[in-house]
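This structure is a prediction, so every number in the text was calculated from the model and none was measured. Chain letters run A, B, ... following the sequence lines, proteins first and then strands; every chain starts at 1.
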Number of protein chains: 2
Amino acid sequence: MARDTRERILAVARDLVHGASLAEVSTEDVCRAAGVHKGSLYHFFPSKEALGGAVLEHNWDMMRAVLEESFADDVAPLDRIDRFVESFVRMLTLMRERFGVTPGCPLGTLASEVAAHGGEARAQAGRVLSGWMGYFSTAISEAKGRGDVPADVDPGEAATRVLALMQGLALLAKAHDDPGLVLLARSDIRLLLRASR
Amino acid sequence: MARDTRERILAVARDLVHGASLAEVSTEDVCRAAGVHKGSLYHFFPSKEALGGAVLEHNWDMMRAVLEESFADDVAPLDRIDRFVESFVRMLTLMRERFGVTPGCPLGTLASEVAAHGGEARAQAGRVLSGWMGYFSTAISEAKGRGDVPADVDPGEAATRVLALMQGLALLAKAHDDPGLVLLARSDIRLLLRASR
DNA sequence: GAAAGATTTGACTGATCGGTCAACTCTGGT
DNA sequence: ACCAGAGTTGACCGATCAGTCAAATCTTTC
């Protein structure tokens with residue numbers, strides 16, 4: 001019960017927000033689950049919205065760790081994307097076991113919720129989604145360089161398509177409570193990129 | 001101020017839910033905007049969740065009208081899908097003008113929210129999404145019959161992919177406040193189906 | 001060990017939440 | 001003219017909401 005209170009609040013908030021929206025989780029829920037009083041929460045976070053932003057940032061850190069690992073250049077660029085999809089599905093499956101329901105995409109769902117509030121929150125959501133897309137974009141660029149993807153493919157636009165596909169599959173996975181649906185992304189992405197391998 | 005109170009409540013609720021989640025809209029918001037008292041709302045709807053369900057059903061009716069129109073068989077099957085995408089984008093654009101923000105997909109977003117509550121709501125969400133997918137599925141089947149789509153394409157699975165893509169693009173459109181993003185779906189769908197035309 | 005700051009407590013506020021209720025008005029049918 | 005039931009009112013409930021605050025308690029530093 002020492003200096004890690006902030007982290008504990010954050011971790012608990014993240015757990016509660018999955019499977020529900022931020023709006024459905026109250027600060028009191030968070031405090032109760034974290035074994036902490038309201039004052040402590042507001043000592044570390046100026047508002048509930050700020051807490052939501054911190055959760056998004058935290059999820060982004062986790063996702064970035066997965067991205068860094070998946071996009072290591074020991075395999076061909078497009079295989080890195082496959083590897084990421086698989087890690088992503090593993091993540092969703094783990095969450096499903098922990099929370100009993102399939103969550104939506106930990107970034108996309110939250111981002112689209114806070115984005116609706118406008119202002120700094122929208123900017124943050126944009127930053128996160130762009131950051132994510134960056135990984136796809138560079139991999140696609142590199143694949144182009146190797147001739148795995150046709151030269152007329154625009155990496156930025158293609159990355160948008162890939163990200164959209166994954167978001168949509170994650171949404172359907174949530175609605176059907178079946179994380180495995182997202183695995184469809186692997187073959188779809190090759191088709192989307194008109195990839196030769 | 002006569003028999004149409006129920007419809008007015010429904011219409012107002014639908015307007016308020018766009019650009020926000022159902023959880024973010026209170027029954028009092030709805031009543032205030034509809035010029036109606038709480039008792040009236042609860043005269044027509046047994047609970048807030050039921051109101052959410054009715055909004056979803058209402059949106060599904062609207063979407064089905066668009067689907068029926070777009071999927072009329074006066075053009076080739078895959079062209080019907082294009083036509084639907086365009087109508088869908090027009091719908092999003094209109095909403096953006098009305099509400100000042102780009103809404104998410106009126107079906108997908110709501111469906112995934114109510115689905116998290118489990119029970120009848122989840123079943124309803126499933127019904128709606130399956131119903132939607134049915135239109136894609138039949139069109140793809142027909143395209144297969146004409147040889148526009150390879151024989152090894154499974155229409156049901158392909159419809160899932162197409163729907164996922166649209167949902168994802170709609171989510172990104174909301175985050176970026178740009179409905180036009182969804183138009184990317186037209187070319188993507190051809191690629192996804194390995195279509196010859 | 002004392003001063004200084006970071007952290008934690010727990011009671012509190014005013015607003016708002018979803019939902020209820022008994023009483024009232026309006027309406028169509030006979 | 002009367003009735004029955006649909007629709008409406010507006011006050012109300014207990015719970016919960018996000019957020020506040022002064023006082024108490026730890027930690028750190030010197």
Side-chain angles (χ1 to χ4, degrees), chain A residues 1-58 110 113-122 124, chain B residues 1-58 110 113-122 124:
Chain A
M1 287 251 186
R3 208 18 261 297
D4 58 354
T5 304
R6 202 193 117 102
E7 316 314 317
R8 205 166 65 249
I9 293 174
L10 212 45
V12 161
R14 177 170 44 86
D15 283 3
L16 292 181
V17 164
H18 294 147
S21 65
L22 177 62
E24 284 172 296
V25 176
S26 72
T27 56
E28 282 175 350
D29 290 340
V30 173
C31 290
R32 202 176 311 121
V36 149
H37 291 263
K38 282 286 257 305
S40 293
L41 192 158
Y42 280 92
H43 175 70
F44 292 107
F45 305 96
S47 71
K48 189 191 187 184
E49 197 178 323
L51 175 61
V55 169
L56 177 55
E57 208 65 39
H58 191 253
L110 233 189
E113 186 178 358
V114 307
H117 291 6
E120 165 58 24
R122 161 162 254 133
Q124 186 193 13
Chain B
M1 287 254 186
R3 209 19 262 292
D4 57 354
T5 305
R6 201 193 119 103
E7 317 313 317
R8 206 166 65 251
I9 294 174
L10 211 46
V12 162
R14 178 168 45 85
D15 284 2
L16 292 181
V17 164
H18 293 147
S21 66
L22 177 62
E24 284 172 299
V25 176
S26 72
T27 55
E28 282 173 351
D29 290 340
V30 173
C31 290
R32 202 175 311 122
V36 149
H37 291 263
K38 281 284 258 306
S40 292
L41 193 158
Y42 280 92
H43 175 70
F44 292 108
F45 305 95
S47 71
K48 190 191 185 186
E49 198 180 320
L51 175 61
V55 170
L56 178 55
E57 208 65 39
H58 191 255
L110 234 187
E113 186 177 359
V114 308
H117 291 6
E120 165 57 25
R122 159 163 256 132
Q124 186 193 13

Over how many whole Å does the gap from [X] atom [atom1] to [N] atom [atom2] extend?
X       : N      : atom1 : atom2 : value
A:Leu16 : D:dC17 : CG    : P     : 12 Å
B:Leu41 : D:dA6  : CG    : P     : 18 Å
B:Phe44 : C:dG19 : CZ    : C1'   : 17 Å
B:Ile9  : D:dG7  : CD1   : P     : 11 Å
B:Asp4  : D:dA6  : CG    : C1'   : 14 Å
B:Asp29 : D:dC17 : CG    : P     : 17 Å

Side chain to side chain, B:Leu51 and B:Phe44, heavy atoms closer than 4.5 Å: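 Side chain of B:Leu51 against side chain of B:Phe44, heavy atoms only: no contact under 4.5 Å found.
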
Sub-4.5 Å side-chain heavy-atom contact between A:Ile9 and A:Arg6: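 Result no, sub-4.5 Å side-chain heavy-atom pair not found.
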
Set out, line by line, the N/O atom pairs under 3.5 Å between protein and nucleotides 19-21 of chain D.
residue: D:dG19; atom: OP2; partner: A:Tyr42; partner atom: OH; Å: 2.8
residue: D:dG19; atom: OP2; partner: A:Lys48; partner atom: N; Å: 2.8
residue: D:dG19; atom: N7; partner: A:Lys38; partner atom: NZ; Å: 3.3
residue: D:dG19; atom: O6; partner: A:Lys38; partner atom: NZ; Å: 3.0

Under-4.0 Å side-chain N/O to phosphate OP1/OP2 contact, A:Ser26 with D:dC17: yes

OP1 or OP2 of D:dT8 under 4.0 Å from side-chain N/O of B:His37: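 No, B:His37 has no side-chain N/O under 4.0 Å of OP1/OP2 on D:dT8.
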
From D:dA6, C:dC17, C:dA6, nucleotide with atom closest to B:His43 side chain: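 Of all the options, the side chain of B:His43 is nearest to D:dA6.
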
Which nucleotide in C:dT8, C:dC17, D:dT8 has an atom nearest any side-chain atom of B:Thr5: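 The closest nucleotide is D:dT8.
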
The helix from C:dG1-D:dC30 to C:dT30-D:dA1: angle between end helix axes, five pairs per end, rounded to 10 degrees: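 For the helix from C:dG1-D:dC30 to C:dT30-D:dA1, the axes at either end differ by 10°.
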
Residues that A:Ala54 engages under side chain to side chain contact (heavy atoms under 4.5 Å, CB included), provided they are two or more places apart: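 Result, side chain to side chain contact (heavy atoms under 4.5 Å, CB included) vs A:Ala54: A:Leu10, A:Phe45.
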
Side chain to side chain contact (heavy atoms under 4.5 Å, CB included) partners for B:Ser40, two or more places apart: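 For B:Ser40 the side chain to side chain contact (heavy atoms under 4.5 Å, CB included) partners, ignoring immediate neighbours, are B:Val36.
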
Inter-residue atom distance B:His43.NE2 - B:His37.NE2, 0.5 Å rounding: 15.0 Å

Pairs where residues 36-46 of chain A contributes a residue and the test salt bridge (charged side-chain N to carboxylate O under 4.0 Å, His left out) is met, not counting sequence neighbours: A:Glu28-A:Lys38

Sugar-phosphate, base or nothing in reach of B:Val25, heavy atoms under 4.0 Å: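 Contact class for B:Val25: sugar-phosphate only.
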
Non-neighbouring partners of B:His58 that pass side-chain hydrogen bond (donor to acceptor under 3.5 Å, both in side chains), sequence neighbours left out: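 Once residues adjacent in sequence are excluded, the partners of B:His58 under the side-chain hydrogen bond (donor to acceptor under 3.5 Å, both in side chains) criterion are B:Arg14.
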
Non-neighbouring partners of B:Ser47 that pass side-chain hydrogen bond (donor to acceptor under 3.5 Å, both in side chains), sequence neighbours left out: none

For B:Glu57, salt bridge (Lys or Arg N to Asp or Glu O under 4.0 Å) partners two or more places apart: none

